[in-house]
Amino acid sequence: MADHDVVVIGAGFAGLYQLHALRELGFDTVVFEAGPEVGGTWYWNRYPGARCDIESIEYSYSFDPELEQEWNWTERYAAQPEILSYIRHVADRHDLRRDIRFDTRITGLDFDRDTGEWTVVTETGERVTTRFVIAATGCLSVPAKPRFDGLADFTGEVYWTWDWPSEKVDLRGKRVAVIGTGSSGLQTITAIAPEVEHLTVFQRTPPYAVPAHNGPIGPALAEVKQRYPEYREVSRNSIGGAQCADLELPFFADLEPRAATAYLDRRWDHGGLCFQQSFYDLIQDPQANELAAEYVRARIREKVKDPALAEKLTPRSYPIAAKRMCVDTGYYEVYNRDNVTLVDLLEEPISRITPRGIRTGDTEREFDVIVLATGFDAMTGALNAIDIRNGEQSLARRWADGPRTYLGLMSAGFPNLFTITGPQSPAVLSNMLTSIEYHVEWISDLLVHLRAKGLNRVEPDPAAEQNWVDIVADTADLTLFPQAASWYMGANIPGKRRVFLPFVGGVGVYKQIGDGVAIADYHGFELA
Ligand code: NA7
């Protein structure tokens with residue numbers, strides 16, 4: 001008999017809700033968490049300025065109506081400390097910590113076909129058996145760690161945004177370099193520019209950033225609290241798992257040019273990632289996309305006083321939204337400061353890091369601090385970091401040419417192993433909270449179904465899995481996403497096979513498919 005019914009890996013938003021849900025359903029469940037505290041992404045990514053790019057009203061659990069009512073977000077977009085307090089509050093409120101083993105990294109999973117049990121192996125070699133494993137390991141939890149020659153010889157301080165120290169880092173009076181201009185880099189740059197002596201930003205690819213228009217949350221929260229159930233229902237059936245207030249979603253071809261620009265104005269004024277939903281087909285129609293891209297480029301020229309600098313900050317090499325867009329709180333304005341310099345790595349690539357600073361070509365710039373904001377091995381990184389085996393084969397090997405899943409939930413040949421917001425589900429293209437809750441509830445329902453039928457094994461039928469792999473690839477090919485070298489494509493990791501990782505169809509469509517599969521007696525899954 002196995003030690004547990006279910007082992008959950010990770011105590012972030014996904015793992016915590018999965019623990020709570022299964023405990024309520026009477027499953028003996030234990031969570032293993034590598035870190036010393038709950039929070040996952042929001043525990044580790046505590047760099048200055050770290051903030052969610054989904055609105056607080058949406059970036060929260062919906063499963064607990066009392067929690068919805070009692071928690072008061074202070075800002076329209078919550079900062080990392082507030083999100084972490086929220087997660088801690090949820091852990092306390094539901095007494096979750098007693099079933100979480102902290103500081104315990106899982107390094108191996110092995111399925112025994114004879115016993116039908118998984119053996120879970122920890123970093124220290126401890127072995128635990130379980131009937132089911134649920135990987136709540138996060139989509140952006142394993143850092144990319146690009147190689148910079150000489151980094152180990154740098155005599156100043158080095159910080160990675162994903163592993164920022166818990167104690168305050170004093171950057172006042174220091175010469176600071178930031179490498180990377182994705183969301184993490186942008187937020188760090190915006191936060192630290194006013195306090196450092198000099199900031200030098202090393203940019204490889206300029207992002208498209210839209211303003212957050214962040215501020216106190218105001219009466220919006222109280223208003224939504226009065227109709228949270230209906231509000232959440234709309235989000236669950238939307239494209240991105242979040243709403244853009246009452247803004248409509250027109251097809252670009254239906255709009256006169258002036259009307260199209262008016263939509264972009266409205267979205268820009270509203271703020272945030274809703275900008276990429278200015279048109280229903282913004283990521284499909286090249287003309288729609290170019291109009292939106294050109295709109296952002298014009299705004300950059302307005303914000304940055306030096307035209308040559310504005311041009312360097314202007315993205316031109318890929319469609320807007322084909323890489324994750326950034327939501328900024330004064331990013332471009334930072335470059336009007338006297339203490340900020342931009343180094344365009346396309347003109348002068350980094351040749352090495354020296355003991356005193358960073359060398360590009362013949363130029364060596366000296367720094368006291370280097371901050372690396374260089375991204376993550378997205379979606380598959382955390383799963384491939386665990387040696388997952390089914391007796392004969394490893395999951396990493398099976399996924400060498402790209403992930404193979406059915407609905408992003410399970411992989412054929414690896415029974416009783418689920419992934420929450422796994423590759424080939426909407427995940428990173430959506431409000432993660434909406435997608436997490438859907439998966440947690442879908443998996444919980446399936447475990448209840450198995451228990452009720454006296455069954456103990458589930459895995460995808462290989463044909464259903466192949467069909468899903470094809471659907472994910474074919475739908476991505478209908479969009480402009482594959483035109484960017486993004487982490488959605490695995491392009492930021494040397495040697496990683498370039499396939500589009502998330503499902504582009506939207507959370508509403510995905511929910512219809514997932515619900516339909518469940519209603520049809522888990523069609524495409526083999527239950528035994
Ligand atoms: P991102 O979005 O992957 O950004 C990483 C940045 O680091 C990006 O600008 C990269 O440039 C840059 N980078 C990566 N490797 C290098 C090297 N070797 N040299 C120079 N520059 C490099 O990660 P974030 O952490 O900012 O954001 C991740 C998600 O977190 C975000 O989308 C939100 O969902 C929250 P590149 O574009 O590859 O040229």
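Fair warning: this is a prediction, and the values are worked out from it, not measured in the lab. In listed order, ligands and their atoms are each counted from 1.
The aromatic rings of W468 and F503 sit tilted, their planes meeting at an angle between 30° and 60°. In this pair, F500 and F481 present their aromatic rings tilted. The plane angle is within the 30 to 60° band.
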Report every pair formed by an N or O atom of ligand 1 and a protein N or O atom separated by less than 3.5 Å, giving atom names and the distance to 0.1 Å.
| unit_1 | atom_1 | unit_2 | atom_2 | d |
| --- | --- | --- | --- | --- |
| ligand 1 | 7 (O) | A373 | O | 3.2 |
| ligand 1 | 9 (O) | T181 | N | 2.9 |
| ligand 1 | 9 (O) | G182 | N | 3.4 |
| ligand 1 | 15 (N) | R204 | NH2 | 3.4 |
| ligand 1 | 25 (O) | S184 | OG | 2.6 |
| ligand 1 | 26 (O) | S183 | N | 3.0 |
| ligand 1 | 26 (O) | S184 | N | 2.8 |
| ligand 1 | 26 (O) | S184 | OG | 3.3 |
| ligand 1 | 34 (O) | R324 | NE | 3.3 |
| ligand 1 | 37 (O) | T205 | OG1 | 3.4 |
| ligand 1 | 37 (O) | K323 | NZ | 2.6 |
| ligand 1 | 38 (O) | R204 | NH2 | 2.9 |
| ligand 1 | 39 (O) | R204 | NE | 2.8 |
| ligand 1 | 39 (O) | T205 | OG1 | 2.4 |

Task: Steps toward side-chain contact (heavy atoms from CB on, under 4.5 Å) verdict (R236, Y438) - done: CA-CA 8 Å; R236 286 182 201 117; Y438 183 67; over 6 Å; no

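Scored by the side chain to side chain contact (heavy atoms under 4.5 Å, CB included) test, V234 finds Q243 as partners (sequence neighbours excluded). Scanning for side chain to side chain contact (heavy atoms under 4.5 Å, CB included) contacts around R147 gives D149, with sequence neighbours left out.
The side chain to side chain donor-acceptor pair (under 3.5 Å) pairs that include a residue from residues 202-212 are Y208-R297, where partners are two or more places apart or lie in different chains.
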